[in-house]
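Atoms within a ligand are numbered from 1 in the order they appear, just like the ligands themselves. Please read all numbers here as calculations on a predicted model, not as lab measurements.
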Amino acid sequence: MPGLLALHILVSGLVQGVGFRPYVHLVAKSLGLAGFVRNSGGSEVEIWVEGGEEKVLEFLRRVALEVPEPAEVESVHVEVVSPVGYRDFTIERSSSSVRLRSMIPPDFGICDDCLREVLDPGDRRYLYPLNSCVWCGPRYSMMYGVPYDRERTAMRDFPLCSECLAEYGDLGNRRRYHAQGISCPRCGPRVRLYTRDWEEVGVADPVSEAAKLIDEGYIVGVKGVGGYHIACLASDDGVVAELRRRKRRPTKPFAVMVLNVEVAGRLVELSEEGVRLLRSPQRPIVLLPKREGSPVSRYVSPGMSHEGVFLPYTALHYLLLSRLRDGFAVMTSGNVSDEPMCYDEDCARTKLSRVVDFFLVHDRVIVNRVDDSVVRFTAGRPLLLRRGRGYAPRWVRIPVKLEREVVALGADMHSAPAVAFEDKVVLAQYIGELVNGDTVAEFLKYLNLLMGVYSVRPEEAVYVVDKHPRYVSRSVGVELGRASGRVEEVQHHVAHVLSTVADRRLTEERFIGLAMDGVGYGDDGAIWGCEVLYVDGARYERVGRLSYVTVTGTDRDVEYPARVLASYLIRLMGEDGVREFFRKRGLLKALPGGEFELEVVLGRVRRGGTGTSSLGRLLDSISVLLGVALRREYEGSPAIALEEAAFGGRLLAEVEQPVVRVGEVVEVDSTPLLASLLELLDTRSTKDLAYSAQYYIGRAIGRAIAYSARGRRVGRLVPAGGGAAVNDIVVRGVVDELSSEGLELVLPREVPPNDGGIALGQVYWVALREELGALR
Ligand SMILES: [Zn+2]
Ligand SMILES: [Zn+2]
């Protein structure tokens, strides 16, 4: 028939669970076209459309280019087909066949429209704590599988009432037409209040009652989107101290939820970018400088210059916060010690009842645990510290196409595995340190989930692991790798650098990269941690590093950084000098074994020990030397305390810079720096010394990079990664030094620079090896 056109269209991207099908339906109807739209098993959307040629092309344009947020179209696959004579345009039942693979939607913070309904006494959703629409609400956290339809989410337990059903079927209702997760006070999940012994407290308004209890000083467990929180007053020293006692967490900072940006402005210094992040649908915890005179108790984040604040991301949180006299509250993850956050009632009852007095609970199942995401600013740019709710499991596009499917196991610290196919890397949410059975079980759960959803065939995939022989993630990968016989290993810091290369889609073939990190298993068996790498395709060479210091090489070096300080000081003052210094400065109390432990360290070092170039250990040592932190309480805590102690510090000219020696490998030797710190210890402020030490270390690292780049045909950009690459002062030092050489440091945007993003670099390693034909 002349002038008639039919198209079969596959759309991938963020297109399920974001109102995309209703939008397509509306466009088709408005243009008078026929056909269907449906979700497909790979979480892409399939469209059949037919009608007048011009109208169909207009349809294609609007569907591909004008989709409303939060939907995002990444690729459109169009095929011209013969019209079959559809009469109408419909939303069809989802099909489970996979054509294109598409993105699992992350959880979205509540939108303004939904919040307005909850606050409107005339609306039927007035005060409804679980309100959501096609643009907002939980997604990944409540999905059992794809495609994203109500029957594959935790909302399947809540059949729509007649009113919701009418909204669901009403083409004119832009926010609820075919929205899978909607509900109302009649048909949706309910919120209840329980005592710590799980006896229901019968009240008409559990949310207001919980707020009253918090105001009275009680500690309340709150079930949210991706897990449980623990909430209490943040303004009361006694209450916060009690929470610390019950949680057995002496100093690790708690996050503070604030009602709105106005309240946040009383607690922290808000930048434009900070406000944008706080308000974004991801609603991360954002670390911002504390305001002078902030009403938050100093026990919330003792010794820190920054506070972690975030906005309510559900109506439940909003209502709770709006009823508190402060308008803000501690909202920390509901876990005990190193275990993962609780996300079901069993866990809450058995574990959290020791910590909280009451529970505020809704009865929607949390299918997938998703922790709050954490963002900080480094050298003026936002960096993800923890990639969880709102960000995961969005995929990251890399600038090469993979031939095979890849499963990357990441590392053990901030574990987050990834699956990859085509040019897409799907990174799991932050799972936590692989130190106990629960975390390892979670690690496997989400790895299997992603492999299943994205149809990664175990017997075809390449498995990529860290070189560290003792990593749990590595042994999991080696075990899974038996299915295909393809296991690749990649050095930790190479993966860190490649993660940034992939994240920023850098295409230079040769470059100098930088890893600033705590611990990684080095190619020479030493403990690496500050490495300048020359990368050429999938070949690399370590061309610079911090000078090795001899340490005992056990985990206690990380736990008790005074041991590493002793190692550093031997060079300056000999063993007797170290003994005397430790006694005189009261540093023996930083070692649980006191004098005896110091002798063990000195003896091991004398006999050879292990070399380390770890920047984390150097910063930890300086932290002990300056008396900022004596031991590690949580990952990276001595170095974090050092950075926080330096906030607002000045650069002292009398602090010596580390020397940079050019040899076969360029070395940064911090001995002169430490010597000058020893001299100035009692006459200069800790703040200025801490600032100067970190900044000068950064400058020296920058010089090592500049020397390494000379005589090599490398690009201007220097990709960097690693757990210490978030340190604002060190990074500024590196950036300043590099800019005088015409070089630019590049950090990741979509993934954390720490181990939470390392799986991306592991995948990229495989991609580069494939390109070279170096893969088995
Ligand atoms: Zn909404
Ligand atoms: Zn309803």
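Not counting sequence neighbours, the partners of Ser280 by the side chain to side chain donor-acceptor pair (under 3.5 Å) test are Gln282.
Counting only protein N, O or S atoms, 4 lie closer than 2.8 Å to the Zn ion (ligand 1).
Screening residues 385-397 for salt bridge (Lys or Arg N to Asp or Glu O under 4.0 Å), with sequence neighbours left out, gives Glu72-Arg394, Glu74-Arg397, Asp372-Arg389, Arg397-Asp423.
Among protein atoms, those of element N, O or S found less than 2.8 Å away from the Zn ion (ligand 2) are Cys161 SG, Cys164 SG, Cys184 SG, Cys187 SG.
Between Tyr391 and Leu384 the shortest heavy-atom distance is CE1-CD2, 3.9 Å.
Only one option out of Arg21, Arg38, Arg156 pairs with Asp149 in a salt bridge (Lys or Arg N to Asp or Glu O under 4.0 Å); it is Arg21.
Cysteines Cys164 and Cys184: SG-SG separation is not under 2.5 Å.
There is no side-chain donor-acceptor pair under 3.5 Å between Glu345 and Tyr194. Side-chain polar atoms of Trp48 and Glu50 form a donor-acceptor pair below 3.5 angstrom.
In Arg61, the CZ atom is crowded: over 12 heavy atoms of neighbouring residues, nucleotides or ligands sit closer than 6.0 Å. The 12-atom threshold is not exceeded at CG of Asp112, counting heavy atoms of other residues, nucleotides or ligands nearer than 6.0 Å.
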